[in-house]
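This report concerns only the one structure given below.
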2 protein chains.
Amino acid sequence: MSRVSELPSAAGSPRRSDGEATHAAILKAAMQLASVEGLGSLTIGRLARELGISKSGVFAHFRSKQRLQQETIAAAEAIFTHEVVEPALAAPEGRARVEALCASYLSYVERGVFPGGCFFAQLLAEFDGPSGGIHDQVVIGQRGWMGLVKELIATAQHRGELDADIEADQLAFELYAHLELANYLSTLYRDTSLLDRGRRAVASTLTAASPRGMRASEEPSA
Amino acid sequence: MSRVSELPSAAGSPRRSDGEATHAAILKAAMQLASVEGLGSLTIGRLARELGISKSGVFAHFRSKQRLQQETIAAAEAIFTHEVVEPALAAPEGRARVEALCASYLSYVERGVFPGGCFFAQLLAEFDGPSGGIHDQVVIGQRGWMGLVKELIATAQHRGELDADIEADQLAFELYAHLELANYLSTLYRDTSLLDRGRRAVASTLTAASPRGMRASEEPSA
DNA sequence: TTAAAAATCGCACGGTCGTGCTAATATGTC
DNA sequence: GACATATTAGCACGACCGTGCGATTTTTAA
């Protein structure tokens with residue numbers, strides 16, 4: 001579970017403890033840098049400079065730049081899962097869990113888990129062009145996120161807590177859109193209060209998706 | 001009106017016709033490249049290679065890379081205004097104009113006016129960090145767009161075509177969010193049918209924002 | 001304690017970047 | 001047609017990029 005950075009390397013290499021620490025330190029710096037300036041401006045020389053080690057010292061840990069990028073994404077995924085997905089799954093199944101996921105995402109942006117806002121929103125915009133292997137990795141991650149949102153919505157619908165006549169895909173799109181733009185604007189303007197627009201948008205979208213007959217009172221607890 | 005690329009150069013230089021043509025060709029290629037791979041990977045050498053002219057030939061037209069970036073953004077703004085804003089302003093004032101703006105934006109993405117989707121969505125994500133002068137230019141452009149959406153909404157509210165109790169800023173945020181995500185996803189998956197999610201999201205948001213008493217029938221013409 | 005191997009460094013390579021400088025060439029004006 | 005000058009090419013520079021290689025240092029297991 002906690003062994004994240006094990007892409008297919010595995011076998012004949014007993015890692016040394018100091019090496020593992022450096023490896024982790026590099027990935028941490030890489031995630032911060034990439035979340036602010038994008039994976040594209042993630043540079044081996046720059047990481048080395050910032051960490052006070054040599055370029056070769058950094059390079060030796062990933063034997064190509066692509067590998068460094070992949071591991072950075074994987075490490076960020078682990079953090080995202082821990083900071084956003086797991087807290088939401090702790091909420092009771094159904095509509096509450098949908099709300100928890102949205103709240104959890106906005107809080108993750110607000111707390112500055114990554115200094116440049118949501119790590120994956122950055123990726124989404126950066127690799128919309130077919131830029132090789134990274135593009136596919138981004139698509140897979142995106143699909144997973146969208147799938148999760150949709151799944152939680154569908155469950156809420158089965159429980160009668162959201163209008164079952166609304167396509168889950170469509171509702172997922174709308175919630176996702178609010179989360180993303182809240183992230184972008186709050187990052188661009190460096191103003192976390194903009195996240196409240198996202199919160200209100202999520203709330204009003206969910207209100208509009210309440211099952212028929214449960215309307216008229218706009219909010220359950222306002 | 002059509003003289004776009006006149007940043008403060010103006011005075012003592014009567015441009016020659018061939019030079020002006022090259023200048024325009026460079027900007028065209030620059031916009032295409034930047035919309036697909038971002039302003040960051042806009043490179044003088046690469047532009048030269050693609051256009052079959054020398055690096056110095058490109059460089060001479062903008063006397064710094066920053067200037068090239070600024071002019072590229074300015075040129076893209078002109079196209080955006082022509083392709084999105086002006087058609088919307090041709091629609092009758094009020095709610096219709098709000099709908100026209102959203103439709104016009106999504107159509108602009110769909111038609112592939114820029115090969116990498118919306119030029120400014122790319123910028124929004126790329127310069128969320130404080131990366132110098134370009135950042136400010138992006139903020140200004142963003143503010144202008146958001147202001148336009150908000151203004152059209154406010155007008156529709158004054159005319160009683162949208163619920164005046166909803167904050168115009170909030171409604172603008174929600175519509176904008178749908179447009180942006182539709183752009184991102186359709187670009188990422190290279191599937192323009194994803195834009196229909198945006199269209200439906202816009203429609204349902206506007207329906208939910210209809211003035212009180214005009215509800216119950218979900219769509220005016222469905 | 002010693003030996004194997006992992007971690008790190010220093011150095012070098014070819015490539016591309018942005019940017020100057022000078023020289024050749026094309027255009028538009030008188 | 002000639003002259004001024006805008007345009008473009010050619011070349012060089014220093015900086016940084018990713019990547020390889022050998023030497024050195026540090027950890028760890030026998």
Side-chain angles (χ1 to χ4, degrees), chain A residues 3 5-7 9-30 33-34 37-73 126 131-134, chain B residues 3 5-7 9-30 33-34 37-73 126 131-134:
Chain A
R3 278 287 150 268
S5 44
E6 288 196 15
L7 301 193
S9 66
S13 308
R15 313 268 302 253
R16 234 166 65 184
S17 64
D18 56 346
E20 202 146 359
T22 304
H23 193 94
I26 295 174
L27 284 182
K28 183 177 171 189
L33 217 167
E37 312 196 15
L39 255 197
S41 48
L42 192 57
T43 267
I44 293 181
R46 193 162 161 188
L47 281 175
R49 223 172 300 128
E50 260 163 48
L51 292 167
I53 54 188
S54 73
K55 254 185 14 166
S56 339
V58 174
F59 183 79
H61 281 277
F62 322 85
R63 285 176 304 286
S64 76
K65 172 161 189 180
Q66 172 143 311
R67 180 69 173 257
L68 165 63
Q69 292 177 319
Q70 288 168 197
E71 289 200 32
T72 302
I73 294 179
E126 194 171 356
S131 5
I134 300 294
Chain B
R3 277 287 151 272
S5 43
E6 287 197 15
L7 302 192
S9 68
S13 308
R15 314 269 299 256
R16 235 166 62 186
S17 65
D18 57 346
E20 202 148 359
T22 304
H23 192 94
I26 295 173
L27 284 182
K28 184 178 171 187
L33 217 166
E37 313 196 14
L39 255 196
S41 47
L42 191 57
T43 268
I44 293 182
R46 193 161 162 190
L47 281 176
R49 224 173 300 127
E50 261 163 48
L51 291 169
I53 53 187
S54 73
K55 253 184 16 164
S56 340
V58 174
F59 182 79
H61 281 276
F62 321 85
R63 287 176 304 285
S64 76
K65 173 164 188 177
Q66 172 143 310
R67 179 71 173 255
L68 165 64
Q69 292 177 319
Q70 288 169 196
E71 288 200 30
T72 302
I73 295 179
E126 195 172 356
S131 3
I134 299 296

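In what follows, chains carry the letters A, B, and so on, assigned in the order in which the sequence lines appear, proteins first and then strands, with residues in each chain numbered from 1. These numbers come from the heavy atoms of this one structure, side chains and all, not from hydrogens, waters or symmetry mates.
Atoms CG and CD1, on B:Leu27 and B:Ile73 in that order, are 11.5 Å from each other to the nearest 0.5 Å. Going from atom CD1 of A:Ile44 over to atom OG of A:Ser54 covers 11.0 Å, rounded to the nearest 0.5 Å.
As judged by a 4.0 angstrom heavy-atom cut-off over every strand, A:Thr43 is placed among residues touching the sugar-phosphate backbone only.
Note: CD (B:Glu20) to P (C:dG28) measures 11 Å, nearest angstrom. The distance between atom CD of B:Glu50 and atom P of C:dT16, rounded to the nearest whole Å, is 14 Å. Straight-line distance from the CZ atom of B:Arg46 to the C1' atom of C:dG18: 16 Å, rounded to whole Å. In this entry the distance linking CG of B:Leu47 with C1' of D:dA9 reads 17 Å, nearest Å. Atom CD1 of A:Ile26 is separated from atom P of D:dG18 by 13 Å (rounded to the nearest Å). For A:Ile53 and C:dG10, the CD1 to P distance is 12 Å, given to the nearest whole Å. If you take CD of A:Glu37 and P of D:dC16, they are 15 Å apart, rounded to a whole angstrom. Spacing between atom CZ of A:Phe62 and atom C1' of C:dA6 amounts to 15 Å, rounded to whole angstrom units.
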Contact letters for nucleotides 19-30 of chain D, in which S counts primed atoms plus P, OP1 and OP2 and B counts the base, heavy atoms under 4.0 Å: BB-----BSS--
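Residue B:His61 places at least one side-chain N or O closer than 4.0 Å to OP1 or OP2 of D:dT8.
Counting only heavy atoms from C-beta outward, the side chains of B:Phe62 and B:His23 approach each other to under 4.5 Å. Using a 4.5 Å cut-off on side-chain heavy atoms (C-beta onward), A:Thr72 and A:Leu33 make no contact.
Taking A:Thr22 as the reference, A:Ile26, A:Ile53, A:His61 meet the side chain to side chain contact (heavy atoms under 4.5 Å, CB included) condition, with sequence neighbours excluded. Here A:Arg49 pairs with nothing under the salt bridge (charged side-chain N to carboxylate O under 4.0 Å, His left out) rule; sequence neighbours left out.
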